[in-house]
Amino acid sequence: MQFSAAQIGLMINGTIEGDANAIVDSFGKIEEAKPSQISFLANPKYEDYLYSTQASVVIVNQSLQLKAPVNSTLIRVPDAYSAFAVLMTKYQEMAANQLTGIQNPTHISDSASIGSSVYIGAFAFISDQVKIGNNSKIYPGVYLGDRVIVGDNTTIYPGVKIYKDCVIGNNVIIHAGVVIGSDGFGFAPQADGSFTKVPQLGNVVVEDYVEIGANTTIDRATMGSTVIKKGAKIDNLVQIAHNVEIGSNTVIAAQSGISGSSKVGKYVMMGGQTGVAGHLSIADGTKIGGRSGITKTIKEPNKSVNGYPAFDYTSSLRVQAATRNLPETEKRIQALEKLVAELLSERVKS
């Protein structure tokens, strides 16, 4: 797809400086961009590249004061970074909207309901009584189990597996390799030391505007639903166990794991490799440092925690600093003990 600087300016409400007819067809970093590419400058550390870049068009902040002539057409906006993100999103949406129709081979049950302008890629398997909303994209190799519901404008990338009865909302993005609705980890110990599987009869509900990263797994509930609420963003390789609830607009970084029946509030920020024990609650607005372990309920909202077990963020940093200094501290204590012993010895002699 090709766009002129003038067209892009309209998309992001920018002011053109230079050739409004300059044409671009792709994106590039300002230090590497080639002719017919568009780039942006938001970080002052990269300003020198503005005067040497080959990009045909560059989005810049309105406040930028030029230090030298530029060869590129400039589009001035209040916030170059945000405007560039908006532009890339619109470009992605336009490219996705070109995908429509059903490729072959696919399996689509006669009882499935498919909305308008839907794309279903080759080797997808659409089971009985599945419902897919308008403008949704089902990429190759996706499996949708019986009675799965997919909302409007949702994108499900290759290799995603969604088990029976799960519900996916509108404007959801699910990346490759995600598994939604696999059995929760429920086993009852027996007298002889063996384990009997507890049936997992619930489902998973993913609400609107959620994004789920590649190879993340979300288990179905034992009863009821595992719920990912509106606007939550989940990174790659995250494990969410049965009957967990993730609050709206919460973000969870990669390799985190949340054990069964825990409730994570809204606007929580969870760093990578965080572990959450089962049957806990995490208050709204909690910020959790990477590699932390949550072993107790966090009741106070908007609190920052860190470490294992996680506790107050600032205190945890002091503990880490003190731990690093333990060898030196030990030497000082030993020297002090020796000095005290010598003083006591001299006092006894006197």
Side-chain angles (χ1 to χ4, degrees), residues 1-101 115-119 121 133-139 150-157 169-175 208-211 230-233 248-249 251:
M1 291 184 287
Q2 292 185 335
F3 299 93
S4 68
Q7 290 172 319
I8 294 169
L10 289 173
M11 290 182 194
I12 58 175
N13 297 317
T15 303
I16 308 296
E17 289 185 11
D19 182 8
N21 295 316
I23 299 296
V24 296
D25 56 17
S26 59
F27 300 89
K29 297 191 292 186
I30 193 167
E31 65 270 32
E32 300 175 353
K34 298 179 173 58
S36 78
Q37 289 190 319
I38 183 170
S39 189
F40 77 105
L41 173 65
N43 190 330
K45 292 194 301 183
Y46 292 87
E47 183 178 343
D48 289 347
Y49 291 111
L50 177 63
Y51 309 109
S52 60
T53 185
Q54 297 183 53
S56 297
V57 177
V58 180
I59 300 171
V60 299
N61 292 327
Q62 287 176 346
S63 59
L64 176 69
Q65 299 293 321
L66 295 179
K67 299 175 182 177
V70 296
N71 297 318
S72 307
T73 295
L74 302 183
I75 304 179
R76 289 187 179 268
V77 294
D79 185 337
Y81 186 79
S82 296
F84 196 70
V86 168
L87 181 62
M88 288 193 294
T89 299
K90 290 184 177 182
Y91 180 87
Q92 188 177 50
E93 290 173 351
M94 290 177 187
N97 286 337
Q98 294 181 352
L99 287 174
T100 57
S116 63
S117 301
V118 167
Y119 164 71
N134 300 327
N135 304 307
S136 287
K137 313 299 178 189
I138 311 298
Y139 277 75
V150 177
D152 298 336
N153 305 304
T154 285
T155 300
I156 302 178
Y157 282 107
N170 304 316
N171 300 288
V172 173
I173 300 172
I174 303 176
H175 289 279
D208 300 344
Y209 296 100
V210 168
E211 182 160 354
K230 183 177 180 179
K233 311 299 182 189
S248 59
N249 297 301
V251 293

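Computed from a predicted structure; not experimentally measured.
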Exercise. Side chains of N134 and S116: donor-acceptor distance under 3.5 Å anywhere?
Worked result: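 S116 and N134 do have a side-chain donor-acceptor pair below 3.5 Å.
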Spacing of [atom1] belonging to [X] relative to [atom2] belonging to [Y], to within rounding of 0.5 Å:
X	Y	atom1	atom2	result
N61	L41	CG	CG	7.0 Å
I174	E211	CD1	CD	10.0 Å
F3	M94	CZ	CE	4.5 Å
N153	S117	CG	OG	10.0 Å
L50	S72	CG	OG	6.5 Å
I59	S39	CD1	OG	8.5 Å

For this session: State whether the side chain of T73 and the backbone N or O of D19 hold a donor-acceptor pair below 3.5 Å, judged by distance alone.
Result: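 Side chain of T73 to backbone of D19: a pair is present.
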For this session: May I ask you to decide if K34's main-chain N or O and Q37's side chain share a donor-acceptor pair within less than 3.5 Å?
Result: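 Judged by distance alone, yes, a pair lies under 3.5 Å.
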Side-chain contact, heavy-atom cut-off 4.5 Å: [X] with [Y]?
X	Y	value
L64	L74	no
V24	S36	no
L87	I38	yes
D152	N170	yes
Y51	L66	yes

Heavy-atom count check: over 12 atoms from other residues, nucleotides or ligands less than 6.0 Å from [X] [atom1]?
X	atom1	result
E31	CD	yes
F27	CZ	yes
K230	NZ	no
Y209	OH	no
Y46	OH	no

Exercise. Any idea how H175 and Y157 line up, ring-wise: parallel (<30°), tilted (30 to 60°), or perpendicular (>60°)?
Worked result: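 Geometry flag for Y157 against H175: parallel rings.
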Exercise. Hey, which of V60, T53, N43, D48 is the one that makes side-chain contact (heavy atoms from CB on, under 4.5 Å) with I30?
Worked result: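 Exactly one pass, corresponding to T53.
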